[in-house]
Amino acid sequence: MVAKLAAVAMAASAASSVVGFMGSMGASRSARAIGGANAQLISRDAQVAENHKIAINQKLQLDLDRADKEFEELQGSTLVAFIHRGVDFTEGTPLDVLVNNVAEFEHDKNIAEYNTKIALQEQDEIAAFSRMRADVARLQGSAQAGQFRSQALGSLLGGSAKVADLGVKYGVLG
């Protein structure tokens, strides 16, 4: 009778350790999958930043093209106004006005290009930080998976030790 109870207790202990092992291994797979999914979401932020850089560059080009056209119209209108008034625009104040317009226009373009450069650097930082966060998410998932695998092995070893103890205690094992 004792041997039967010991065998049942040993079987229950072994089954319990196997169930614990399976549960921990499932949790390990889930932790790795969650880490990977989180990394994918965060990596998407990096791709969004890269795409935003393209849009920023395109906007700068459109703004510069539009500014060039507007500047040509301004210079043309200024020139026509001087000619209409009978002013010699090739020297003196009229020439100074035209040259000053060019200098201001170039300055404005340089500012726009500088601001775009800063915005692009910000997007680079966002993308780099997102990639680092994705790497951390993957590492966290792997670390958790490793912890669960350790628990799984601990469950098997603990269950095996308990089965052996029960076997020895009740004389089922030598």
Side-chain angles (χ1 to χ4, degrees), residues 17-85 87 89-158:
S17 69
V18 169
V19 168
F21 173 82
M22 298 302 289
S24 292
M25 290 304 289
S28 172
R29 286 187 296 276
S30 294
R32 187 175 301 282
I34 289 169
N38 286 339
Q40 276 186 312
L41 289 173
I42 296 168
S43 292
R44 184 185 169 283
D45 293 343
Q47 187 58 51
V48 167
E50 294 293 333
N51 291 345
H52 196 180
K53 283 177 55 179
I54 294 168
I56 289 169
N57 272 324
Q58 289 173 341
K59 182 183 181 311
L60 172 66
Q61 195 56 52
L62 290 172
D63 289 348
L64 291 177
D65 290 347
R66 185 180 65 238
D68 283 340
K69 288 177 186 171
E70 289 173 0
F71 178 72
E72 287 175 21
E73 290 174 7
L74 169 70
Q75 286 293 76
S77 298
T78 304
L79 194 58
V80 167
F82 285 140
I83 293 171
H84 181 67
R85 291 188 181 118
V87 176
F89 62 87
T90 60
E91 61 183 42
T93 302
L95 182 59
D96 291 342
V97 168
L98 292 172
V99 169
N100 188 46
N101 286 349
V102 170
E104 285 183 25
F105 178 66
E106 289 301 319
H107 179 71
D108 289 346
K109 282 174 55 173
N110 288 338
I111 288 173
E113 288 170 347
Y114 175 78
N115 289 339
T116 297
K117 182 179 175 182
I118 297 299
L120 292 174
Q121 288 173 344
E122 288 173 356
Q123 293 306 307
D124 282 338
E125 288 297 316
I126 289 169
F129 185 68
S130 294
R131 285 186 193 97
M132 285 187 281
R133 286 179 39 227
D135 289 342
V136 168
R138 273 187 214 92
L139 289 172
Q140 285 174 329
S142 291
Q144 277 188 320
Q147 288 174 333
F148 286 122
R149 279 192 308 275
S150 293
Q151 284 178 349
L153 292 174
S155 180
L156 276 182
L157 291 174

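Keep in mind it's a predicted model, so treat the numbers as computed, not measured.
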Taking side-chain hydrogen bond (donor to acceptor under 3.5 Å, both in side chains) as the test, write out the residues that go with [X], two or more places apart.
X: Q121; result: none
X: N115; result: none
X: N57; result: none
X: Q61; result: D65

Rounded distance [0.5 Å steps], [atom1] in [X] versus [atom2] in [Y]:
X: I126; Y: R133; atom1: CD1; atom2: CZ; value: 10.5 Å
X: E70; Y: S77; atom1: CD; atom2: OG; value: 11.5 Å
X: L74; Y: N101; atom1: CG; atom2: CG; value: 5.0 Å
X: M22; Y: S17; atom1: CE; atom2: OG; value: 11.5 Å
X: S130; Y: E125; atom1: OG; atom2: CD; value: 11.0 Å

Show the nearest heavy-atom pair for residues K53 and L120, with the distance to one decimal. O-CD2, 3.5 Å
Nearest heavy-atom neighbours spanning F21 and S155: N-OG, 3.5 Å
Does anything in [range] form a ring-ring contact (aromatic ring centres under 6.0 Å, His included)? List the pairs, not counting sequence neighbours.
range: residues 32-55; value: none
range: residues 95-121; value: F71-F105
range: residues 117-151; value: none

Taking distance alone, no hydrogens or angles, what donor-acceptor pairs closer than 3.5 Å link side-chain atoms of residues 40-50 to residues at least two apart or in another chain?
from, atom 1, to, atom 2, distance (Å)
S43, OG, A39, O, 2.9
Q47, NE2, N51, OD1, 3.1
E50, OE2, R131, NH2, 3.1

Using the test side-chain contact (heavy atoms from CB on, under 4.5 Å), find all partners of L64 that sit at least two apart in sequence or belong to another chain. L60, K109, E113
For I34, all residues meeting side-chain contact (heavy atoms from CB on, under 4.5 Å), sequence neighbours excluded: N38
Pairs under 3.5 angstrom only: tabulate donor-acceptor contacts from the side chains of residues 136-147 to other protein residues two or more places apart or in another chain.
from, atom 1, to, atom 2, distance (Å)
R138, NH1, D135, OD1, 2.9
S142, OG, R32, NH1, 3.1
S142, OG, R138, O, 3.2

Is P94 close to L98 at the side-chain level, that is, under 4.5 Å between some pair of heavy atoms? no
Going by salt bridge (Lys or Arg N to Asp or Glu O under 4.0 Å), name the residues that satisfy it together with D63, two or more places apart in sequence or in a different chain. K59, R66
